[in-house]
Amino acid sequence: MLRVLQVLATNDSDDDALAAMELHRGLSRSGIEARTLALGPGRTRGPASDVPVMSPSARSLAACTQLRREQRWADVVLLRGAAPAAAAGTLPRRAGPPVVVHLADEVGEWRRAPVPQRVRRLLRSRVEVVVASESDRSIAPLLGVADDAVTVIPTGIEVAPSGAPGDRDARRTAARSLLGIPLQARVVLVRGEGPAARSLADDVHRRGAVVLSDAASRARVASSGGEGRWVRFEEDGGVVVAPEGVEDAEALEVLLAAADVVAVADAAASGPSLRLLQGAAAQLAPLEQDPGAAAALLDDGIVFPTVDAALAASTDEVRRRGAAARRQVEVQFSLDGVVARWAGLLGSVHRRGMDPSTAVEGP
């Protein structure tokens with residue numbers, strides 16, 4: 001059985017960590033023995049906070065030392081992002097297992113700033129680089145690796161069965177009744193943290209729509225008349241204060257069922273974010289103000305480019321875009337298909353690492 005060690009920078013529940021957890025579950029289900037660890041602790045709670053940490057700080061010497069110990073267990077090490085790659089860059093490569101480096105936001109960052117020296121040190125040995133969209137393959141020259149050393153594998157998510165045609169309407173009606181939202185209202189689920197998410201939510205609210213948010217601090221349900229109430233959710237989706245009848249495990253499910261449109265304020269620079277994909281899989285019409293992030297997912301006939309466009313569209317048009325978005329997610333981003341691509345790559349990297357003729361002398 002192939003053993004894969006997946007390493008995160010921290011166990012914050014950011015988009016890449018959530019995607020890593022999806023991949024962990026998919027690899028385990030496919031027969032690969034997977035372990036997912038973080039170099040250090042994160043700052044917020046959430047689903048990823050259960051991922052074990054190796055040291056008190058992601059950038060400490062202790063993290064590098066523990067990574068060296070942990071990788072002895074693995075047949076292949078999957079490093080997600082700059083911090084794990086930099087930590088691995090301090091270790092001798094001759095005795096370690098083969099490495100795959102997954103890049104997300106780093107692609108955009110390294111187009112504007114130099115690639116960290118420790119990452120370059122790691123890349124001088126033979127490693128495989130994975131990016132989430134075809135447009136990011138052009139990062140190869142900046143990394144100093146060959147074009148064929150960069151593989152495109154999109155983010156994968158679990159896509160639940162859609163059910164009978166009337167199921168979506170029934171879930172929508174029940175969720176809105178639970179949250180006190182009129183059936184005829186246009187509802188936008190704003191996903192993300194920080195100022196960008198708050199600004200987007202306020203923009204939607206000012207234009208007269210109902211806003212839902214799964215931010216760590218709160219989920220706001222505001223009516224077009226300015227009346228409304230605050231529903232607070234923890235980072236992991238658990239309800240702190242909510243209408244009677246909402247269970248912790250149902251929080252995100254309720255928000256997805258009640259909404260018409262999904263917008264992600266802090267979308268990843270590399271390919272569509274997992275939060276956007278989750279909304280699309282739930283048949284919500286995507287709103288993406290950064291066309292580059294959505295281009296790898298959906299065409300112009302599906303994505304709303306502005307808040308005004310999303311709110312001005314008819315109900316039939318919103319539903320058409322939501323249904324089309326789900327179909328694209330099923331085809332391009334279904335977890336089983338994505339895991340099959342990962343399994344093929346990881347197996348190939350392992351076999352290559354076992355072949356003495358392909359060994360590369362590292363520093």
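Along the sequence shown, residues are numbered consecutively beginning with 1. What you see is a predicted model, and the numbers here were worked out from it, not measured in a lab.
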### Message
Quick one, Asn11 and Asp50 - any side-chain contact, counting heavy atoms below 4.5 Å?
### Response
no
### Task
Taking atom types as modelled, find out whether Gln278 and Arg275 have a side-chain donor-acceptor pair closer than 3.5 angstrom.
no
### Query
Which pair of non-hydrogen atoms, one from Glu128 and one from Val349, has the smallest distance, and what is that distance?
CB-CG2, 4.1 Å
### Message
Show, in sequence, the C-alpha distance, side-chain angles and deciding distance for Arg327 and Glu330, and conclude whether the salt bridge (charged side-chain N to carboxylate O under 4.0 Å, His left out) test is met.
### Response
CA-CA 5 Å; Arg327 287 194 294 271; Glu330 288 176 326; over 6 Å; no
### Message
Just by distance, no angles: are the side chains of Thr10 and Arg43 close enough, under 3.5 Å, to form a donor-acceptor pair?
### Response
no
### Message
Regarding Arg321 and Asp260, does a basic nitrogen lie under 4.0 Å from an acidic carboxylate oxygen?
### Response
no
### Query
Are any of the side-chain heavy atoms of Val318 and Arg186 separated by less than 4.5 Å?
yes
### Query
Arg29 and Asp336: which non-hydrogen atoms are nearest, and at how many Å?
NH2-OD1, 2.8 Å
### Query
Salt bridge or not for Asp169 and Arg319, using N-O below 4.0 Å?
yes
### Message
Tell me whether Glu317 is salt-bridged to Arg320, with the criterion being a basic N under 4.0 Å from an acidic carboxylate O.
### Response
yes
### Query
With no hydrogens and no angle check, is any side-chain donor or acceptor of Arg69 less than 3.5 Å from a backbone partner on Thr65?
no
### Message
Within this structure, what is the CG-CZ distance for the pair Asp148 and Arg137, rounded to the nearest 0.5 Å?
### Response
9.0 Å
### Message
If you compare all heavy atoms of Leu8 against all heavy atoms of Ala17, which two are closest, and at what distance to 0.1 Å?
### Response
CD1-CB, 4.1 Å
### Whether Ser55 side chain and Leu39 backbone form a donor-acceptor pair below 3.5 Å
yes
#### Entry: Shortest non-hydrogen contact between Leu79 and Leu122, atoms and distance
CD1-CD2, 3.8 Å
### Message
Which heavy atom of Arg351 sits nearest to which heavy atom of Gly344, and what is that distance?
### Response
NH2-O, 4.5 Å
### Query
So do the side chains of Arg35 and Pro52 get within less than 4.5 Å of each other, counting heavy atoms only?
no
#### Entry: Closest approach of Val51 to Ala38 (non-hydrogen atoms, all atoms of both residues)
CG1-N, 3.8 Å
